[in-house]
Amino acid sequence: MRNQIKISVILPVYNVASFLKRSVDSLIHQKFKDYEIILVDDESTDGSNIILDDYQKRFKNIKVVYQKNAGSGAARNKGLEIARGEYVYFMDPDDWLEENMLSENYALANERQPDMLIFGWYDHIGEKVSSTEFEDRYISNKEEFIRTFPEMFKKNLLYTVWNKLYKRKFLTENNLIFGHERNGQDYLFNIKVYDVLTSVLLNNTRYYHYIMKRKNAATTKFNSEIFSLYKKEQIELMNFMNKHSIYEEGIISDRWWFILISTWKRSVSQESSVDTNKYMEKILDEYVKNKYIDINKLSRFKTKIGYIFFFRTGIYKYYSFLK
């Protein structure tokens, strides 16, 4: 029985009742047989648990696990502990899949046996849908992965976990688990993965539907530690790049810009503009003091203008959102 499970799908669930059925239904209707679905509820309070219990009663390949609120990282680790699949897939519970995702990607993974497989996706912002193009490719060794890392990073292939299958044996043998951070677990987990992986398969076909800027999502809420969490991600990225002699200063400056603009966008959700400005002033002082951003290394002209004229001049204090 153990060998029959080819893919373990793990979903951390926390207060996503209005999205959960679409997400789980897209898994149930996969054109694939030998997989299990592990739903880990992180002490939801919106009725998500009732939906999960109903699925578990109706479908033999669904297992529901409950834990005290500890974050999505802990939920994924709990799922990984009980997973039996040859490959593991970490899905987000507010998105959905094309019905051929598991079947087609497992066929590719089974042929090449990579440590990790990356597939394509759609970004949804309201009614607008976009996607990223990349080349189908098999990377067979560590040296080739390190050479192609900058290209893949710039195409946004490497941040998230929901566009990847991971070989379970690879994860367990390298003790690769998620941290308990409330933000950035995907990113930090993947940096640890990239440090030890030796093979990657890229499949440009798009299967995943990612909902961007969802209201009340963890990725849009403000908390006072958000900048520190982003900075921790950045330090791990810089350490990884230094360790493997990846010299791409543009990646570092662009990422510092992303951190700055993302922190500001979250910060303006505070009721008091005074609180927002105090928070951002402290961060900008740190940027200037430590020279986090090299203007000449920023990849986009619009970004250069934004940093110089929007933030460095203090105009951001008079805007409630970025035009």
Side-chain angles (χ1 to χ4, degrees), residues 5-30 32 34-103 105-106 116-117 119 121-122 124 159-166 168 171 176-187 189-190 207-212 214 216-219:
I5 302 298
K6 295 181 171 63
I7 299 177
S8 296
V9 181
I10 299 170
L11 278 80
V13 176
Y14 180 70
N15 289 352
V16 286
S18 59
F19 301 93
L20 194 54
K21 289 185 178 180
R22 180 179 63 185
S23 179
V24 179
D25 283 349
S26 75
L27 281 169
I28 292 169
H29 297 135
Q30 287 292 300
F32 195 65
D34 303 322
Y35 70 109
E36 62 180 354
I37 302 170
I38 302 171
L39 307 172
V40 185
D41 184 75
D42 193 35
E43 207 169 17
S44 296
T45 58
D46 69 341
S48 291
N49 60 310
I50 298 173
I51 297 171
L52 297 182
D53 285 340
D54 178 64
Y55 276 116
Q56 183 170 227
K57 291 175 184 176
R58 292 189 292 123
F59 298 95
K60 292 182 179 180
N61 67 332
I62 291 181
K63 181 176 180 59
V64 177
V65 180
Y66 292 98
Q67 69 173 25
K68 291 187 176 181
N69 184 257
S72 60
R76 286 170 175 152
N77 289 339
K78 179 66 71 173
L80 189 56
E81 286 176 10
I82 63 176
R84 298 176 293 160
E86 180 184 354
Y87 279 86
V88 175
Y89 175 55
F90 300 103
M91 183 178 174
D92 282 354
D94 47 357
D95 303 323
W96 76 97
L97 300 171
E98 294 293 316
E99 63 184 4
N100 55 344
M101 193 288 275
L102 295 181
S103 59
N105 283 293
Y106 180 78
M116 182 179 75
L117 181 149
F119 55 81
W121 70 94
Y122 298 98
H124 293 255
Y159 299 152
T160 60
V161 294
W162 45 251
N163 65 333
K164 299 172 178 68
L165 297 183
Y166 302 87
R168 187 169 64 88
L171 296 182
L176 294 167
I177 61 174
F178 291 84
H180 294 278
E181 298 84 4
R182 292 287 177 171
N183 187 81
Q185 305 99 329
D186 293 20
Y187 190 85
F189 172 79
N190 277 330
Y207 305 94
Y208 192 85
H209 294 266
Y210 172 56
I211 306 300
M212 302 179 68
R214 177 173 68 81
N216 295 324
T219 54

Is it true that a side-chain atom of Glu36 and a backbone atom of Val9 form a donor plus acceptor pair closer than 3.5 Å? no
Rounded at 0.5 Å granularity, tell me how far CZ in Phe119 sits from CG in Leu102. 8.5 Å
Whether the side chain of Tyr35 engages the backbone of Leu27 through a donor-acceptor N/O pair (distance < 3.5 Å, no angle test) should be reported. yes
Taking the side chain from Asn77 and the backbone from Ile177, do they hold a donor-acceptor pair closer than 3.5 Å? no
More than 12 heavy atoms of other residues, nucleotides or ligands under 6.0 Å from NZ of Lys164: yes or no? yes
Separation between CG (Asn100) and CG (Asn105), nearest 0.5 Å, reads 8.5 Å
Scan the side chains in residues 18-25 for donor-acceptor partners under 3.5 Å anywhere in the protein, sequence neighbours excluded, and list what turns up.
from  : atom 1 : to    : atom 2 : distance (Å)
Arg22 : NH2    : Asp94 : O      : 3.4
Ser23 : OG     : Asp95 : O      : 3.1
Asp25 : OD1    : Tyr55 : OH     : 2.8

Look at the side chain of Tyr210 and the backbone N and O of Asn163, then say whether any donor-acceptor pair between them is shorter than 3.5 Å. no
Option among Ile82, Leu39, Leu52 that satisfies the side-chain contact (heavy atoms from CB on, under 4.5 Å) test with Val65: Ile82
Hey, does the side chain of Asn15 reach the backbone of Ser44 with a donor-acceptor pair shorter than 3.5 angstrom? no
May I ask you to decide if Thr160's main-chain N or O and Asn190's side chain share a donor-acceptor pair within less than 3.5 Å? yes
Are Tyr106 and Tyr89 close enough that their ring centres sit under 6.0 Å apart? no
Minimum heavy-atom distance Gln56-Val64, with the two atoms named: OE1-N, 3.0 Å
Residue pairs meeting salt bridge (charged side-chain N to carboxylate O under 4.0 Å, His left out), one or both in residues 48-76, sequence neighbours left out, come to Asp54-Arg58, Arg76-Asp92, Arg76-Asp186
List the steps, then state whether ring-ring contact (aromatic ring centres under 6.0 Å, His included) holds for His29 with Trp96. CA-CA 11 Å; His29 297 135; Trp96 76 97; over 10 Å; no
Decide yes or no for Asn69 and Tyr14: does some side-chain heavy atom of the first lie under 4.5 Å from some side-chain heavy atom of the second? yes
Could you tell me which non-hydrogen atom of Leu11 sits nearest to which non-hydrogen atom of Ile37, and how far apart they are? CD1-CG2, 4.5 Å
Taking the side chain as every heavy atom from C-beta outward, state whether Met101 and Gln30 have any pair of such atoms under 4.5 Å apart. yes
When you measure from the side chain of Gln185 to the backbone N and O of Phe178, does any donor-acceptor pair fall under 3.5 Å? no
Less than 6.0 Å separating the ring centroids of His209 and Trp162? no
The reported gap from OG in Ser8 to CZ in Phe90 (rounded to nearest 0.5 angstrom) is 9.0 Å
Would you kindly say whether Tyr208 and Glu98 are connected by a side-chain donor-acceptor distance under 3.5 Å? no
Take Phe32 and Lys6 through the side chain to side chain contact (heavy atoms under 4.5 Å, CB included) test and state the conclusion after the steps. CA-CA 10 Å; Phe32 195 65; Lys6 295 181 171 63; 4.0 Å; yes
Is the shortest heavy-atom distance from the side chain of Leu171 to the side chain of Leu80 under 4.5 Å? yes
Between Gln67 and Val40, does a side chain to side chain contact (heavy atoms under 4.5 Å, CB included) hold up when you go through it step by step? CA-CA 7 Å; Gln67 69 173 25; Val40 185; 4.1 Å; yes
Quick check: does any side chain N or O of Arg168 sit under 3.5 Å from a backbone N or O of Gly85, one acting as donor and the other as acceptor? yes
Checking side chain to side chain contact (heavy atoms under 4.5 Å, CB included) for the pair Met91/Leu97: CA distance, chi angles, key distance, verdict? CA-CA 9 Å; Met91 183 178 174; Leu97 300 171; 3.8 Å; yes
Donor-acceptor pair, side chain of Ser48 and main chain of Ala17, under 3.5 angstrom: yes
To the nearest 0.5 Å, what is the distance between CD1 (Ile38) and CD (Glu81)? 10.5 Å
Under 3.5 Å donor-acceptor, Asp42 side chain and Ala70 backbone: yes
